[in-house]
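The block underneath contains the structure these notes are about, expressed in structure tokens.
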Amino acid sequence: MNASSPSPPPSSLARSHPLSHRPQAAFSPPITVSAEVAEALRLHRPVVALESTIITHGMPYPQNLAMAHQVEADCRENKALPATIGLLDGEILVGMTETQLQALAASPSPMKLSRADLGFALAMGRSGGTTVSATMICAALAGISVFATGGIGGVHRGGEDSMDISADLNELARTPVTVVCAGAKAILDLPRTLEYLETRGVPVLGYQTDHLPAFWSAASPWRVPLRVESPQEIAAIMEARARLGLDGGMLVTNPIPAVDEIPFDAMKILVDQVLEEARLQKVDGKAVTPFLLSRLLTLSEGRSLTANIALVRNNVRLAAAIACARTGQAPIE
Ligand code: PSU
Ligand code: MN
């Protein structure tokens, strides 16, 4: 290269890490990965990320803690290592211990942390549950590519006016993590959520289904764009997307088992009622989802919570199978 030829812009180096504006060698993300998770990742063993907003804001105590333990056990039983992600006193934990989980579940006013809040919580020493968006960011920083949750956020009903669109959707478009969920709750605008994901280029896969699952309900009236039959197929799609150099993640929608579901039409009656309550009480912003969930719990006489736990467990089992297929070797014992 002679002196007159343009030297590469400094930004070409700076792009070497997808989440960083610094060169890869200098990039050491402020996360604390547990020894067990770090070892598994080093050996390319299957690891599944789990979120913690479901613990801090999605379910009441003590069912939240019991669920967190249960899904970790389910994950191990299905030969993958669980890595629950959350923040305690400004520390981003990837792979929380029993004591840490208890501290988070018992913490008096945990934050609900999405992409917008992570830096604040880190700098200010706060504790909180990570939503799907923040969990994806932390999982990607740790090198985890499969993540199980209950339901994702989406376009809220009336979102065309309120602009209430979950940061989860944009995160799926930019961060390379496969998220296994039971679709999205019917408190959201499901067709607009699908449209938004399509616009942002996020693949939405239906696991053994043609219909978008709606969280407590195994099927909604809307069709899911891409159908898959096995964890191996999902792992192959992850591989193909990586080879194509495509940004972003994928959404796998996994229907709640039939025995645990509350059918769509039955749920719709309750959902319409709580949405009206939220409107009358002028609930907005981050408070909307927790408000709707707690009202639905009361109105469904606890059935929504039983279904919620069943679907998270079902998602963790599928995520573990995908992680095993993706690593293609050495499941944990
Ligand atoms: N949907 C659920 N349960 C939950 C959440 C969503 O059925 O607990 C949580 C997830 O952590 C999700 C977040 O990422 O809520 C979305 O919140 P918002 O709609 O404010 O973006
Ligand atoms: Mn919102």
Side-chain angles (χ1 to χ4, degrees), residues 49-61 63-64 67-68 71 84-87 104-105 110-118 128-139 147-173 175 177 179-190 192-193 196-197 202 212-217 220 249 251 253-254 256 261-262 267 270-271 274-275 278 283-297 300 304-316:
L50 301 166
E51 63 143 307
S52 49
T53 292
I54 196 167
I55 303 171
T56 55
H57 294 76
M59 284 183 195
Y61 182 85
Q63 287 95 337
N64 58 350
M67 179 278 313
V71 295
T84 301
I85 294 176
L87 263 81
L104 183 63
M111 290 183 73
K112 175 180 164 187
L113 301 163
S114 83
R115 164 177 280 269
D117 314 295
L118 262 187
T130 47
T131 62
V132 169
S133 69
T135 307
M136 289 179 76
I137 293 170
C138 301
F147 162 26
T149 183
I152 57 154
V155 180
H156 278 261
R157 304 232 201 137
E160 63 275 31
D161 291 324
S162 67
M163 291 185 65
D164 189 349
I165 300 173
S166 175
D168 294 353
L169 303 186
N170 280 343
E171 206 59 52
L172 280 160
T175 301
V177 173
V179 179
V180 182
C181 70
K185 294 200 167 108
I187 57 178
L188 301 173
D189 185 327
L190 298 180
R192 280 196 175 86
T193 299
Y196 192 86
L197 288 167
V202 177
L212 182 69
F215 201 76
W216 308 282
S217 319
S220 72
L251 188 64
T253 65
N254 183 30
I256 183 173
E261 80 153 345
I262 308 176
M267 209 57 216
L270 303 185
V271 165
V274 299
L275 283 168
V283 183
D284 61 8
K286 277 172 184 282
V288 172
T289 305
F291 173 87
L292 297 172
L293 296 187
S294 92
R295 286 297 297 140
L296 283 167
L297 175 62
S300 71
S304 67
L305 182 59
T306 315
N308 198 341
I309 294 167
L311 68 85
V312 180
R313 296 186 64 184
N314 191 47
N315 294 341
V316 169

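Quick note: numbers below take in every heavy atom, side chains included, and nothing from hydrogens, waters or symmetry partners. Both counts, for ligands and for their atoms, begin at 1 and track the order of listing. In this text the structure is predicted, and so the values were computed from the model without any measurement.
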(request) Starting at OG1 of Thr306, measure out to CH2 of Trp216 and round the result to the nearest 0.5 Å. (result) 12.5 Å
(message) Tell me if a side-chain donor or acceptor on Arg157 pairs with a main-chain N or O of Ala186 at a distance below 3.5 Å.
(response) yes
(request) Nearest 0.5 Å please: distance from the CD atom of Glu51 over to the NE2 atom of His57. (result) 11.0 Å
(message) Check whether Asn170 reaches the backbone of Ala167 with its side chain - one donor and one acceptor, N or O, closer than 3.5 Å.
(response) no
(message) For ligand 1 and Lys286, I'd like to know whether there is a polar contact (N/O to N/O, distance under 3.5 Å).
(response) no
(request) Distance to 0.1 Å, residue and atom name: give those for the protein heavy atom nearest to atom 21 (O) of ligand 1. (result) Ser166 OG, 2.7 Å
(message) For ligand 1 and Lys112, I'd like to know whether there is a polar contact (N/O to N/O, distance under 3.5 Å).
(response) yes
(request) May I ask you to check whether Thr131 has an N/O atom sitting below 3.5 Å from an N/O atom of ligand 1? (result) no
(message) I need the protein N, O or S atoms closer than 2.8 Å to the Mn ion (ligand 2), given as residue plus atom name.
(response) Asp164 OD1
(request) May I ask you to check whether Gly154 has an N/O atom sitting below 3.5 Å from an N/O atom of ligand 1? (result) no
(request) Mind checking the CG-CD1 spacing from Leu292 to Ile187? Nearest 0.5 Å is all I need. (result) 4.5 Å
(message) Distance check, rounded to the nearest 0.5 Å: Asp164 atom CG versus Leu188 atom CG?
(response) 8.5 Å
(message) As an exercise, state the distance from OG1 of Thr56 to CG of Leu113, rounded to the nearest 0.5 Å.
(response) 7.5 Å
(request) Report yes or no: does His57 have a heavy atom closer than 4.0 Å to ligand 1? (result) no
(message) For Ser304, is there any backbone N or O sitting under 3.5 Å from a side-chain donor or acceptor partner on Asn308?
(response) no
(request) Taking Ser220 for its side chain and Leu212 for its backbone only, find out whether a donor-acceptor pair lies under 3.5 Å. (result) yes
(request) Indicate yes or no for a side-chain donor-acceptor contact from Asp168 to the backbone of Gly153 under 3.5 Å, with no hydrogens or angles considered. (result) yes
(message) Using a 4.0 Å cutoff against the non-hydrogen atoms of Glu51, which atoms of ligand 1 qualify?
(response) 10 (C), 11 (O)
(request) Just need the protein heavy atom nearest to atom 6 (C) of ligand 1, so name the residue and atom and give the distance. (result) Gly151 O, 3.4 Å
(request) Determine whether any heavy atom of Met59 lies closer than 4.0 Å to an atom of ligand 1. (result) no
(message) With nothing but distance in play, are any N or O atoms of Ser133 less than 3.5 Å from an N or O of ligand 1?
(response) no
(message) Measuring from atom CD1 of Ile309 to atom CG of Asn64, what distance do you get when rounded to the nearest 0.5 angstrom?
(response) 9.0 Å
(request) Please write down residue, atom name and distance for the protein heavy atom closest to atom 3 (N) of ligand 1. (result) Lys185 NZ, 3.2 Å
(message) Could you check whether any side-chain N or O of Thr53 sits under 3.5 Å from a backbone N or O of Thr131, counting only pairs where one atom can act as donor and the other as acceptor?
(response) yes
(request) Using atom types as modelled and distance alone, determine if a side-chain donor or acceptor of Thr84 lies under 3.5 Å from a backbone N or O of Leu50. (result) no
(request) Give the numbers and elements of all ligand 1 atoms closer than 4.0 Å to a heavy atom of His156. (result) 19 (O)
(message) Heavy atoms only, cut-off 4.0 Å: how does Asp168 contact ligand 1, side chain, backbone, both, or neither?
(response) side chain
(request) Can you sort out which atoms of ligand 1 are near Thr289, meaning under 4.0 Å from one of its heavy atoms? (result) 19 (O)
(request) Starting from atom 9 (C) of ligand 1, locate the nearest protein heavy atom and write down its residue, its atom name and how far away it is, to 0.1 Å. (result) Thr53 CG2, 4.0 Å
